[in-house]
Amino acid sequence: MSGIRWGAVLPQGWRLDLGHLSDPVEQFEAMVTVGRKAEELGFDSVWLYDHLQPVQAEEETVFECWTSLAALARETRRVRLGQLVTCNSYRNPALLAKMAATLDAASGGRALLGLGAGWDQREYEAYGYPAPYPATGERLRRLGEAAQVVTSMLRSPRSTVEGRYYGIRDAVNVPTGVQQPHIPLLIGGSGEKVTLRLVAQYADACNLTDHTDPQFYLRKLEVLARHCEDVGRPYDDILRTATLSVFVASNEDELVRMMAPHLNGRTREELAAHNAVGTPKQLVETFGALVDAGIEYFVLYFHEATRLDSMRLFATEVMPQLT
């Protein structure tokens, strides 16, 4: 299991995790504090969701992803900075490439560019991106063209790409970033026919989400390997990542308390099908099985995120057993 790496998703408001703090400055500082602690505890990266309003209809704080990452770049020194994942429809891909290159310079070469087709119709309609809400096929076609644009602009100071949805003509992007050979592109999603093929064609990493069954990852990665073979790309060139929410506690009583507000009529087993749930010893087994299935990098959201207890426990009792 040598080489397994870990990222932490910071409390940003989308998951209603800042509402207990009333002042927005205090809320932002809480997010930054968790980012600093993740760096101190040995996480490789910190991540934010690319959402603009809460996951439910509450009128609560949600900090914008990219501007927040720019601030985090100056508040941290080592951790990489990523998005889960940038919604392609929210920003022109040429502008997004410029933003990524700027973040890379601001952070001394720590930017990651996560990109996905987008899925939250409610958010699209609230913000007018674009109207009417595009069907899945169109959003995936847009994602494919956007991947062409950002990969070109992050690898060359001058780019031309002609597409149905996006076109750039002699677009200058200087600097293209600090990292060599280029800023890594991560594409999020598990669609077997289109999304994983786009990963094989354009991405440096894939991101699969919300499952604890190793068979899910085995199947998706087998599909990805076939796409890589089809396009003539080494499968091992692609970093294989997974995102999971984590409920971790040192004992069963505390774990039951932590899970209770999130069950919503589900059993523990039903919650654990899509979340990592357990004591440290149990989670070593959970994540070990996912490593055996082919995952190399985990990006984790810890419930009760601003308390830091869960992140600290995981970092001290689970990560060392799997790294």
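Basis for what follows: all heavy atoms, side chains included, without hydrogens, waters or symmetry-related copies.
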Contact list for [range], test salt bridge (charged side-chain N to carboxylate O under 4.0 Å, His left out), sequence neighbours left out:
{"range": "residues 143-155", "result": "none"}
{"range": "residues 263-275", "result": "E252-R268"}
{"range": "residues 161-182", "result": "R158-D170, E162-R169"}
{"range": "residues 84-94", "result": "D50-R91, E64-R91"}

Do [Y] and [X] meet the salt-bridge criterion of a basic N to acidic O distance under 4.0 Å?
{"X": "E254", "Y": "R257", "value": "yes"}
{"X": "E285", "Y": "K281", "value": "no"}
{"X": "E40", "Y": "K37", "value": "yes"}

Step by step, would you call D104 with L154 a side chain to side chain contact (heavy atoms under 4.5 Å, CB included)?
-> CA-CA 11 Å; D104 205 43; L154 294 178; over 6 Å; no

For R74, the salt bridge (Lys or Arg N to Asp or Glu O under 4.0 Å) test, sequence neighbours excluded, returns none

Listed by chain and number, what are the salt bridge (Lys or Arg N to Asp or Glu O under 4.0 Å) partners of D230, not counting sequence neighbours?
-> R197

Scan residues 135-181 for pairs that pass ring pair (Phe, Tyr, Trp, His ring centres under 6.0 Å), counting only residues two or more places apart or in two chains.
-> none

Determine the minimum heavy-atom distance between P157 and V174, stating which atoms define it.
-> CB-CG2, 3.8 Å

Between atom [atom1] of [X] and atom [atom2] of [Y], what is the distance when rounded to the nearest 0.5 Å?
{"X": "L308", "Y": "L313", "atom1": "CG", "atom2": "CG", "value": "12.5 Å"}
{"X": "T306", "Y": "L10", "atom1": "OG1", "atom2": "CG", "value": "11.5 Å"}
{"X": "L115", "Y": "L186", "atom1": "CG", "atom2": "CG", "value": "9.0 Å"}

The criterion is side-chain hydrogen bond (donor to acceptor under 3.5 Å, both in side chains); which residues satisfy it with [X], sequence neighbours excluded?
{"X": "T76", "answer": "R110"}
{"X": "T136", "answer": "R139"}
{"X": "Q53", "answer": "none"}
{"X": "R219", "answer": "E192"}

For W6, check ring-ring contact (aromatic ring centres under 6.0 Å, His included) against everything at least two apart and list the hits.
-> F287, F298, F314

Cation-pi check, R15 onto Y301 ring (under 6.0 Å, within 45° of axis) | yes

For the side chain of H274 and the backbone of D210, is there at least one donor-acceptor N/O pair under 3.5 Å apart?
-> yes

